[in-house]
Participant: 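Let me give you the structure first, and then I'll get to my questions.
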Amino acid sequence: MKNHPMVCDLETGVCGVAGEEELGIIDFNQPKKSIEVYYVTDPICSHCWALEPVLRRFIEQYGHYFNFHTIMGGLLEKWGDGPVDPANGISGPADVVGHWREVGEYYRMPIDGTVMMNNPVQSSYPPSRVFKVIQKNQHDAIAFEYLRRAREALFVFNQNIADTSVMIDIVNKLGLDGVAIVNESEQTSGQQLLNEDFDLARNLGVRGFPTIIMMNEDNKGLKIVGGRPFVNYVEGLKQVLNFEELQPKQQPSLLSLLGKEKLLFSKEIEVMYDLEKSEVISYVKKELSSDQYEMKEILGECYITTK
């Protein structure tokens, strides 16, 4: 997933190689026992951060139809001499700031971005390796939570998530041994785990992030590239399952969701509960008591956290 000119496009919601098709039917040779959903992503992919509200609801309501797999794609091995994203004029880390802010404002998932001027991420590989070690040693759910916390740290709170001390701190807050896991990720075996993901992403024909691939037991798959509305993923799942209708689970209560996620932005609450932005504050006050949450604001967007 390297040595290709990368393009980030607001309209398609893709961080990846120019010219990637947004949606297409694909065919696989290896038989699967049930629906497999592959999410190819990267810790520093701004469009993946923007997709989180939709992806969360899709998993919460329709996850009983599929096995979910998160795959690291390798967005940035290192900054080189040439442009990384020519279409957006990105050659070095400081060039990312304006683009990230544009993505954050467009999708309303806040991105500050000044970290890329003051203490830039030099590679997305270190946090990706930590993800893989947690995934191997613990559980997919904990690894997925690590990915979320890393993105919060990077996009909202301006922390360099490739920095060893930052990675250790994020892992420690998950209740794991940050020093041990980060040390393991820096071994040859850590890169080998990451290379396996790169190979899988390549075999799936993925060149841009986020990409969601749904594969059924007849070896037929649907590929959705870029951030799409919630209904697109539901319709895609119907198509792969060949079902007229699906039976979604009820959305979790806001109290349950906040207890699990610890921090939720307004956009995430809107998408999960089919709300308008203007309805969020009153909905939160109705669903939660004042001792169960704190409401804050950053970059013009409100968010709630557990107390």
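Predicted model only: the values in this text are computed from it and were never measured.
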Participant: List for me each residue that meets side-chain contact (heavy atoms from CB on, under 4.5 Å) alongside D199, sequence neighbours excluded, and say none if there are none.
Facilitator: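 Here the qualifying residues are R202.
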Participant: Is there a side-chain contact between P53 and F230 in this structure, where contact means two heavy atoms from C-beta onward sitting under 4.5 Å apart?
Facilitator: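 No, too far: nothing below the 4.5 Å cut-off.
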Participant: Less than 4.5 Å apart, any side-chain heavy atom of I35 and any of Y62?
Facilitator: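 Not in contact.
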Participant: To the nearest 0.5 Å, what is the distance between CG (D197) and CD (Q135)?
Facilitator: 6.5 Å
Participant: Is there a side-chain contact between E186 and T164, using heavy atoms and a 4.5 Å cut-off?
Facilitator: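 With C-beta onward as the side chain, the pair touches.
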Participant: Between R148 and E52 (salt bridge meaning N to carboxylate O under 4.0 Å), is one present in this structure?
Facilitator: yes
Participant: Who are the ring-ring contact (aromatic ring centres under 6.0 Å, His included) partners of Y107, not counting sequence neighbours?
Facilitator: H47
Participant: Do I71 and L204 make a side-chain contact, defined as non-hydrogen atoms from C-beta onward lying under 4.5 Å apart?
Facilitator: yes
Participant: Would you mind listing every side-chain hydrogen bond (donor to acceptor under 3.5 Å, both in side chains) that reaches into residues 246-260, with sequence neighbours excluded?
Facilitator: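 Found E60-K260.
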Participant: Considering non-hydrogen atoms only, spot the tightest contact between Q122 and L76 and give its length.
Facilitator: O-CD2, 3.8 Å
Participant: So do L255 and E287 actually touch side chain to side chain, heavy atoms under 4.5 Å?
Facilitator: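 A side-chain contact under 4.5 Å is absent here.
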Participant: Taking the ring centre of each residue, are F66 and F58 less than 6.0 Å apart?
Facilitator: yes
Participant: Run the side chain to side chain contact (heavy atoms under 4.5 Å, CB included) check on I212 and L55 step by step: do they pass?
Facilitator: CA-CA 10 Å; I212 300 284; L55 184 60; 4.1 Å; yes
Participant: Any sub-3.5 Å donor-acceptor pair from N216's side-chain atoms to L241's backbone N or O?
Facilitator: no
Participant: Backbone N or O of R228 within a donor-acceptor pair of the Y233 side chain at under 3.5 Å?
Facilitator: yes
Participant: Can I304 and E268 be said to form a side chain to side chain contact (heavy atoms under 4.5 Å, CB included), step by step?
Facilitator: CA-CA 10 Å; I304 58 173; E268 298 180 290; over 6 Å; no
Participant: NZ/K173 to CD1/I168 distance, rounded to the nearest 0.5 angstrom?
Facilitator: 13.0 Å
Participant: Should the heavy atoms of other residues, nucleotides or ligands under 6.0 Å from CD1 of I298 be counted, would the total exceed 12?
Facilitator: yes
Participant: Salt bridge check: are R149 and E145 linked by an N-O gap of less than 4.0 Å?
Facilitator: yes
Participant: Grab the two heavy atoms, one from L263 and one from E152, that are nearest each other, plus how far apart they are.
Facilitator: CB-OE2, 3.8 Å
Participant: Would you compute the distance between atom OG of S123 and atom NZ of K78 and round it to the nearest 0.5 angstrom?
Facilitator: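 These two atoms lie 9.5 Å from each other.
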Participant: Quick check: closest heavy atoms across G236 and L222, and the distance to 0.1 Å?
Facilitator: CA-CD2, 3.1 Å
Participant: Assigning hydrophobic clusters by single linkage (Ile, Leu, Val, Met, Phe, Trp, Tyr; side-chain heavy-atom cutoff under 4.5 Å), is L299 placed with M116?
Facilitator: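 Yes; M116 is reachable from L299 via cluster members.
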Participant: Check for me, please, whether M109 and M295 land in the same ILVMFWY cluster - side-chain distances under 4.5 Å, paths through other members count.
Facilitator: no
Participant: Quick check: does any side chain N or O of R151 sit under 3.5 Å from a backbone N or O of I44, one acting as donor and the other as acceptor?
Facilitator: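 Not a single qualifying donor-acceptor pair exists.
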Participant: Is any NZ, NE, NH1 or NH2 atom of the basic residue among E184 and R129 found under 4.0 Å from an Asp or Glu carboxylate oxygen of the other?
Facilitator: no
Participant: Taking the side chain as everything from C-beta on, heavy atoms only, tell me whether T41 gets closer than 4.5 Å to L147.
Facilitator: yes
Participant: Within the side chain of N67, is there an N or O that forms a donor-acceptor pair under 3.5 Å with the backbone of E36?
Facilitator: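 No; judged by distance alone, with no hydrogens or angles, the pair does not exist.
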Participant: Any non-hydrogen side-chain atom of V206 less than 4.5 Å from a side-chain atom of I213?
Facilitator: yes
Participant: Around D291, counting heavy atoms of other residues, nucleotides and ligands shown, do more than 12 lie under 6.0 Å from its CG?
Facilitator: yes
Participant: Could you report the tightest heavy-atom contact between Y39 and C48, atom names first, then the distance?
Facilitator: OH-CB, 3.6 Å
Participant: Evaluate the side chain to side chain contact (heavy atoms under 4.5 Å, CB included) criterion for residues F198 and Q191: first the C-alpha distance (whole Å), next the side-chain angles of each, then the deciding distance (0.1 Å), finally the verdict.
Facilitator: CA-CA 10 Å; F198 294 167; Q191 186 59 44; 4.2 Å; yes
Participant: Under a 3.5 Å distance rule, please check whether D42 uses its side chain to pair with a backbone N or O of L75 as donor and acceptor.
Facilitator: yes
Participant: Mind telling me whether W100 and F155 have parallel, tilted or perpendicular rings, with 30° and 60° as the class edges?
Facilitator: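 Plane angle over 60°, so perpendicular.
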Participant: Is it true that F157 and V171 fall in one hydrophobic cluster, defined by side-chain heavy atoms closer than 4.5 Å?
Facilitator: yes
Participant: Taking the side chain as everything from C-beta on, heavy atoms only, tell me whether V156 gets closer than 4.5 Å to Y303.
Facilitator: no
Participant: Atom OH in Y125, atom NZ in K132: separation rounded to 0.5 Å?
Facilitator: 14.0 Å
Participant: Under a 4.0 Å N-O cut-off, is there an ion pair linking E261 with R56?
Facilitator: yes
Participant: Does a sphere of radius 6.0 Å around CD in E297 hold more than 12 heavy atoms from other residues, nucleotides or ligands, not counting ones at 6.0 Å or beyond?
Facilitator: yes
Participant: Answer yes or no: is there a donor N or O on one side and an acceptor on the other, between the side chain of D218 and the main chain of K220, under 3.5 Å?
Facilitator: no
Participant: Please give me the minimum heavy-atom distance between G73 and V40, naming the atom from each residue.
Facilitator: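 Between these two residues, the closest heavy atoms are CA-CG1, 4.1 Å.
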Participant: In Å and rounded to the nearest 0.5 Å, what is the OG to CD1 distance from S266 to I281?
Facilitator: 7.5 Å
Participant: For the hydrophobic clusters of this structure (ILVMFWY residues joined by side-chain heavy atoms under 4.5 Å, transitively), does one cluster hold both L258 and I59?
Facilitator: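 They do not share one cluster, since no chain of ILVMFWY contacts under 4.5 Å joins L258 to I59.
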Participant: Is the shortest side-chain N to carboxylate O distance from R108 to E301 below 4.0 Å?
Facilitator: yes
Participant: In sequence, state the C-alpha distance, the side-chain angles, and the governing distance for V121 and V115, and then conclude on side chain to side chain contact (heavy atoms under 4.5 Å, CB included).
Facilitator: CA-CA 8 Å; V121 175; V115 65; 5.5 Å; no
Participant: Parallel, tilted or perpendicular, judged at 30° and 60°: which one describes the rings of F265 and W49?
Facilitator: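 Geometry flag for W49 against F265: perpendicular rings.
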Participant: Are F68 and V240 grouped together when hydrophobic residues (ILVMFWY) are joined by side-chain heavy atoms under 4.5 angstrom apart?
Facilitator: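 Same cluster: F68 reaches V240 through Ile, Leu, Val, Met, Phe, Trp or Tyr contacts under 4.5 Å.
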Participant: Would you confirm whether N119, through its side chain, and N160, through its main-chain N or O, come within 3.5 Å as a donor-acceptor pair?
Facilitator: no
Participant: Going from CE on M214 to CG on L237, what distance comes out if it is rounded to the nearest 0.5 angstrom?
Facilitator: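 Output value for this atom pair is 5.5 Å.
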Participant: Do you know which two heavy atoms are closest between I142 and L174, and how far apart they sit?
Facilitator: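 That would be O-CD1, 4.0 Å.
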Participant: Going through the checks in order, is the side-chain hydrogen bond (donor to acceptor under 3.5 Å, both in side chains) test met by Q187 and N183?
Facilitator: CA-CA 7 Å; Q187 306 304 311; N183 283 344; over 6 Å; no
